[in-house]
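As a basis for the values below, the full set of heavy atoms in this structure was taken, side chains included, without hydrogen atoms, waters or symmetry mates.
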Amino acid sequence: MVRMECKKIFVKQKALIYLTLILFMKLINIFASGYDSNYMIDENESYYLEYMDQYEGKITEDTRNKIEQEYDRIYHQTDHDYLSSSSEKAFQVIYHQYTYEEESGGGYIFDSRGWETLLQHNNVDYILLVGIIILAVLVFATEYENDMQNLMLTTKKGRSVSVHMKLWIGICGAAMLTLIFQLCQCIYLYLKVGLPHGNYPLICLEFFEHTGWNCKLWQAYGCILLLKVLGAVFASIAAMVVVILVKHTVLSMVVSTAGWLITDIVLGQGTTAYRTPLGLLKAAGYFWPDQYVSAVSSSGDFVKKYTFHEIPQGRLPAYILCFIIIIAVLYMLSVLRYLKYPVKRIFSYQKKRILSVFLVCLSVTALGGCGPGRQEAQYFKVSEDSQDEYNGTDFHLKIDHENNNIIYTDNSGTTYDLIRDVFPLQTEISRIFVDGNLCYYLMENENDNGIYIRCIDLDTFSDQFIYSDMEENTLK
C-alpha cells in the first residue's frame, strides 16, 4: 500500500518532477551564492593556500616562530612597494587569524571559509520551503479536488491506515529533501574550499568568539542540521493541515508560503524568530553570540544597539520540546479533520487540558526571552571624553603620532605597540578613550570625511572593529 501511494504521489501527481526542478534550482542557488570569503583571499588565493599549507593546524612554538619571522620580514621592509604584493596581502589574513586564535580562539589555524558558510547564516531557505509545501499539498489536495476522499473513508484501511501513511510520506519526504539539500551544499563547499578540521572547537571561528557553546564545529553543524530537519517536519505538517482545511491545491500553496513569508518579515533576523517554529528553519542562530551595530547619535554619544541576543543554552531543549508538542497536536488535528471526526466536541471535552499545554508552550517560547533589556549601551561621547593619552592604575597609554600607533606602558616600564597590523594604517589615530579594560581608538584621514573606530581589549590585546562612516576605499 505504501508503494502504491508513493507511486501515485511521486509519479502520477508528478511530485518527483516538481521536486527535481526544485533541486535543480537549489543547485543553481548554491553555485550562485558561493561561499564566505573576503577580497584579500579571493584576489590572492594561491598565496593564501601556500601560507595555509605552512601554518595549518594547532599553533605550536615552531608555528609561532615561523609566523613571527615572516611578520618581521614584512613589517621591517623599507621599500613600501610591498603594499601591492599579493603574498603579503595573503599573509595579513593569516596573521589576523593567528592573533585571534592566540588571544581568544581555540589555538588553531585553518581555512575556515567552508565552516563559516555553514554556521554564520540564518536565512530561511525558501527554495526548500517551497519544495516541502508542494509535496505536502500533493499528498492530499488531488483527492479533495477529485472528490476521492469520501470514497477512501468508506474502506477499512482508508480510515485506519491511509491518513497516517499520507502524513508520514509528507513528513519523511520533507526530512529527506532537507538532508539532500544540505548534502549538496556540503559537497560543493568540500570541493571548492574544503571542510577541514571539524573536530576543532566552535570558538575557532571569530564570529563565535563570545559564544557560550563549548562544542566542536561538526557538532554545531550536526545540531543545526537536526533542527532544520525538525523545522522541515513542522512546515510539512503545517502545510498538510492547511490543505486539509482549504481542500484546494493552489490556494493551499499560497496560504502556506505566505504564512511563513509574512512571519519572517515581521519577526526579521532577531532573537524573537527563534522562539517560534520559524527559528527551526533558520536554526544557526541558536548557537550565535550577541550581535550589535554601532552608531554615533546626534548628541555625539557613541552607542551600540543589539540586533540579536544570544539564546541561553538551557532554553533550547525547552523550545524543542514545545515545538515537538505542537507538531504532535497538528498531527492529531490532521488525522481528526481528515477522518471528519467531530473535532469541536473533542476540543470542548479536553478544552482545559489542551489550553494548559498551549499556555505552557507559549510561555516557554514566545515569552522565553523576556528579561533585562539590552537594547542600547552607551560607550562614550566622541566629542568630549576621548583624549591623547590615559593614565591608569596599572598602565599608561599614549598615542604615538609619529608612528601612528598606541604605546602601552605597564608598571615595570615595559612598552608595547597595541596596533599590530602587518601593513601601516592608512588613517591617523587621533583620539583614544578607555573604559575599564577596553581602549577605543578613533581614526581619521586627511580629507576629514568620516571616522573609523576600533577597540582593543587590554587583557587579551585583541582588536575588533566597532564603527565606520568612511567610504571603503579610504581604509585600503
Side-chain angles (χ1 to χ4, degrees), residues 33 35-37 97 100-101 104-108 110-125 128-129 175 178-179 181-183 185-186 189-190 193 195-235 264 267-293 304 306-324 364-366 368-371 374 462 464:
S33 301
Y35 49 85
D36 285 15
S37 187
Q97 186 178 11
Y100 166 73
E101 293 297 330
S104 303
Y108 298 90
F110 68 109
D111 189 344
S112 60
R113 291 176 290 175
W115 290 109
E116 289 171 355
T117 306
L118 291 177
L119 301 175
Q120 294 179 193
H121 295 273
N122 70 339
N123 297 322
V124 175
D125 187 346
L128 172 63
L129 185 59
T178 303
L179 293 173
F181 274 32
Q182 290 298 307
L183 178 62
Q185 184 172 33
C186 287
L189 293 173
Y190 178 80
V193 293
L195 290 169
H197 308 296
N199 61 326
Y200 285 1
L202 180 62
I203 200 174
C204 282
L205 301 183
E206 189 172 356
F207 181 86
F208 295 94
E209 178 181 1
H210 302 293
T211 184
W213 289 88
N214 183 22
C215 61
K216 301 183 186 302
L217 293 169
W218 73 267
Q219 291 172 333
Y221 178 67
C223 291
I224 290 172
L225 180 59
L226 292 176
L227 289 170
K228 286 188 175 183
V229 169
L230 185 60
V233 170
F234 189 101
D264 192 17
L267 298 182
Q269 300 294 319
T271 310
T272 306
Y274 287 89
R275 303 185 201 122
T276 71
L278 180 67
L280 295 174
L281 297 177
K282 296 171 176 283
Y286 287 112
F287 293 85
W288 283 16
D290 288 336
Q291 303 292 315
Y292 61 87
V293 293
K304 62 179 180 182
Y306 284 89
T307 59
F308 186 91
H309 296 294
E310 182 178 13
I311 298 171
Q313 297 181 35
R315 286 194 183 137
L316 180 56
Y319 289 166
I320 293 175
L321 178 60
C322 290
F323 295 147
I324 291 176
V364 172
T365 56
C370 293
R374 291 184 296 168
S462 60
Q464 67 174 6

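- Leu195 has its side chain out of reach of Leu217: every pair of non-hydrogen atoms, C-beta onward, lies at least 4.5 Å apart.
- Within the 4.5 Å cutoff, the side chain of Trp213 has no heavy atoms near those of the Gln219 side chain.
- Taken from CG in Leu280 to CG in Leu226, the straight-line distance is 11.5 Å, to the nearest 0.5 Å.
- Closest heavy-atom contact between Leu129 and Ala235: CD1-CB, 3.8 Å.
- Among residues two or more places apart in sequence or in another chain, the ring-ring contact (aromatic ring centres under 6.0 Å, His included) test is passed with Tyr108 by Tyr200.
- Lys216 places none of its side-chain heavy atoms less than 4.5 Å from the side chain of Leu202.
- Side chains of Tyr100 and Cys204 form no contact here, defined as non-hydrogen atoms less than 4.5 Å apart.
- A salt bridge does not link Lys228 with Asp125: none of the charged nitrogens is closer than 4.0 Å to a carboxylate oxygen.
- In this view, Tyr274 and Tyr286, Phe308 satisfy the ring-ring contact (aromatic ring centres under 6.0 Å, His included) rule, not counting sequence neighbours.
- Using a 4.5 Å cut-off on side-chain heavy atoms (C-beta onward), Gln182 and Val229 make no contact.
- For the side-chain contact (heavy atoms from CB on, under 4.5 Å) test with Leu119, the passing option among Phe208, Phe287, Phe207, Trp288 is Phe208; the others fail.
- Enclosure of atom CG in Asn214 is not indicated, since only 12 or fewer non-hydrogen atoms of other residues, nucleotides or ligands lie within 6.0 angstrom.
- Between the CD1 atom in Ile203 and the CD atom in Glu101 there is a gap of 8.5 Å [rounded to 0.5 Å].
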(request) Go through the steps to decide whether Arg275 and Leu267 satisfy the test side-chain contact (heavy atoms from CB on, under 4.5 Å), and finish with yes or no. (result) CA-CA 10 Å; Arg275 303 185 201 122; Leu267 298 182; over 6 Å; no

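- Of all the heavy atoms in Phe110 and Gln97, the pair that sits closest is O-NE2, 2.9 Å.
- Not counting sequence neighbours, Tyr221 has no partner by the ring-ring contact (aromatic ring centres under 6.0 Å, His included) test.
- Interatomic distance, CZ of Arg113 versus CG of Leu205, reported as 13.5 Å (0.5 Å rounding).
- Looking at Asp290, its side chain does come within 3.5 Å of a backbone N or O of Glu310 through a donor-acceptor pair.
- Distance check: Thr178 OG1 to Leu183 CG gives 12.5 Å after rounding to the nearest 0.5 Å.
- When every heavy atom of Pro196 is checked against every heavy atom of Asp111, the shortest pair comes out as CG-O, 3.5 Å.
- Between the CD atom of Gln185 and the OG1 atom of Thr117 there is a distance of 7.0 Å, given to the nearest 0.5 Å.
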(message) Using side-chain contact (heavy atoms from CB on, under 4.5 Å), reason through Ile224 and Leu118 one step at a time and then give a plain yes or no.
(response) CA-CA 9 Å; Ile224 290 172; Leu118 291 177; over 6 Å; no

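- The two atoms that bring Cys215 and Ala220 nearest to each other are SG-CB, 4.0 Å, heavy atoms only.
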(message) Test side chain to side chain donor-acceptor pair (under 3.5 Å) on Asp36 and His121; report intermediate values, then the result.
(response) CA-CA 10 Å; Asp36 285 15; His121 295 273; 2.8 Å; yes

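- In this structure, Thr276 OG1 and Tyr319 OH are separated by 10.0 Å, a value rounded to the nearest 0.5 Å.
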